[in-house]
Structures are given as C-alpha cells and as structure tokens.
Peer 1: 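Please find one structure pasted underneath; my questions will follow.
Computed from a prediction, not measured in an experiment: that's the story for all the values here.
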Amino acid sequence: VYCEFINKDYAQFVLRGKSKVYYKLSEAISDAAATSSIIVVKESGTLYEETVNTSYYDATNKKYTIPENVTLLVPCNAAYDYRLGPVQKEDFTAVTSFTCYKWLKIPSGITLNFNGGLSVYAKLSHFGNATMAQIMEYGQIHLCDGAKIELQSGAVANVYGYITGNHNK
C-alpha cells in the first residue's frame, strides 16, 4: 500500500455514466478500453504527468495512446453531450456571454495520440437555417509549448470548442 498526493490543480476524469474518478489518464484509458467507453474531463485542470510505462502511456516519449474504441470528451455541459459527427444547433438566443465549461491543459512535451475519438464539444446557437452560429458554452484544450495531438488513420476529431496553444515549439 502506498499513498500518492495529487495536486488539486490536476484534471480529473470519469467514464461517461460512471462515478469512479481518475487522476491518471492512462488508468482511465485502460478502463475505458475494456468497455468501449467515453472518458470525460470531470474537473478542469492540467494533465497529470505520469512517469511509469503502462499499456497506454509511453513514459520515455511522454505519449498517451487513445485506442480506437475510446473517445476523450472535453464537455460543454453537465449532461456530457457529445458527438463524433455534426453538432446539434439550438434556435437562436441572444448570446451575452461565452462560457468555458471544462478545460484540459496538456503540459509541454506530452503527446496525445488518437486512434479513437476526440470531442471538444460546444453548444451553438443559430438563426433558423443559417449556416453561421455562435458558440455559447464550450470545452477547451490548451497545448503548452511542445505538447501535441496526433490523429492516426481512422481517428475522429470533432472540435466545436477550442484547441489553443503554440503548435510550433
């Protein structure tokens, strides 16, 4: 038995529809892969930097691999709505504020390698059949210098929220 202290600034994850909380993304990926589940950012924060190799984390290269039967969701609301296809638009309402519901910060040097799905979701508002929409609530990923997202053949990325950061370093 050992005790590990986790900083309160680290992100927390859950599997959609479950209550177990994960601080280590590799553990969430492992459980999600066994049940073809969706990993949800439950509490905003910085991704915990792991130091030990697992089936889904290469500590030497600082690379997480999300398998094809798993989706990582940065939600825009408490219902954990998501899609890996076209987003649902709601009838237009006056948007007076934009709200980042959940965010995930990826530290420098970390790679998220997707064989499965990535959904950074948003709630959009639009006028009738208009093709233009406003973002009301959104999820966000921030990539620190040197952090990156890789999409492999067959991976699906649905980003209606935001991915920010400096991708050149």
Peer 1: Look at the aromatic rings of Y162 and Y138 and report parallel, tilted or perpendicular, splitting at 30° and 60°.
Peer 2: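 Perpendicular.
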
Peer 1: Knowing that exactly one of L72, V74, L73 qualifies, which makes a side chain to side chain contact (heavy atoms under 4.5 Å, CB included) with I39?
Peer 2: L72

Peer 1: When rounded to the nearest 0.5 angstrom, what distance separates OG1 in T71 from CG in L118?
Peer 2: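 Rounded to the nearest 0.5 Å, the OG1-CG separation comes out at 8.5 Å.
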
Peer 1: Examine Y23 together with Y48 and report whether their ring centres are nearer than 6.0 Å.
Peer 2: no

Peer 1: Under 4.5 Å between any side-chain heavy atoms of F114 and I149, yes or no?
Peer 2: yes

Peer 1: How far does CD1 of I141 sit from OG1 of T164, to the nearest 0.5 angstrom?
Peer 2: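 Going from CD1 on I141 over to OG1 on T164, the span is 9.0 Å.
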
Peer 1: Would you please test K18 and D31 for salt bridge (Lys or Arg N to Asp or Glu O under 4.0 Å) and show each step?
Peer 2: CA-CA 11 Å; K18 306 292 182 185; D31 285 357; over 6 Å; no

Peer 1: Please tell me if the side chains of Y64 and I29 come closer than 4.5 Å, counting only heavy atoms from C-beta onward.
Peer 2: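 In contact.
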
Peer 1: Do K42 and K102 come close enough that some side-chain heavy atom pair is under 4.5 Å?
Peer 2: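 Heavy-atom side-chain distance check fails, nothing below 4.5 Å.
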
Peer 1: Would you say the side chains of E50 and S26 form a donor-acceptor pair under 3.5 Å?
Peer 2: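 A donor-acceptor contact under 3.5 Å links the two side chains.
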
Peer 1: Testing the basics here: between V41 and W103, what is the closest heavy-atom pair and its distance to 0.1 Å?
Peer 2: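 It is CG1-O, 4.0 Å.
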
Peer 1: Might you point out which heavy atoms bring A32 and L15 nearest each other, and give the distance in Å?
Peer 2: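 Taking A32 first and L15 second, the nearest heavy atoms are CB-CD2, 3.7 Å.
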
Peer 1: Side chains of Y101 and Q140: do they bring a donor and an acceptor to under 3.5 Å?
Peer 2: no

Peer 1: Can you see which heavy atom on L47 is nearest to which on L25, and at what distance?
Peer 2: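 So the two residues come closest at CD1-CB, 3.8 Å.
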
Peer 1: Any luck finding a side-chain donor-acceptor pair between Y121 and N77 under 3.5 Å?
Peer 2: no

Peer 1: I want to check something: taking the side chain as every heavy atom from C-beta on, are Q152 and E68 in contact at a cut-off of under 4.5 Å?
Peer 2: no

Peer 1: Give the minimum heavy-atom separation between P107 and A147, together with the two atoms involved.
Peer 2: O-CB, 3.3 Å

Peer 1: Could you report the tightest heavy-atom contact between I66 and V70, atom names first, then the distance?
Peer 2: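 Closest heavy-atom pair between I66 and V70: CG2-O, 3.5 Å.
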
Peer 1: Report the distance from atom CD1 of I106 to atom CD of E49, rounding to the nearest 0.5 Å.
Peer 2: 10.0 Å

Peer 1: Atom CG of N69 and atom CD1 of I38: how far apart are they, to the nearest 0.5 Å?
Peer 2: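 One finds 11.0 Å between CG of N69 and CD1 of I38.
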
Peer 1: Over all heavy atoms of both residues, which pair between V14 and K20 is shortest? Give the atoms and the distance, please.
Peer 2: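 Shortest heavy-atom contact: CG1-O, 3.5 Å.
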
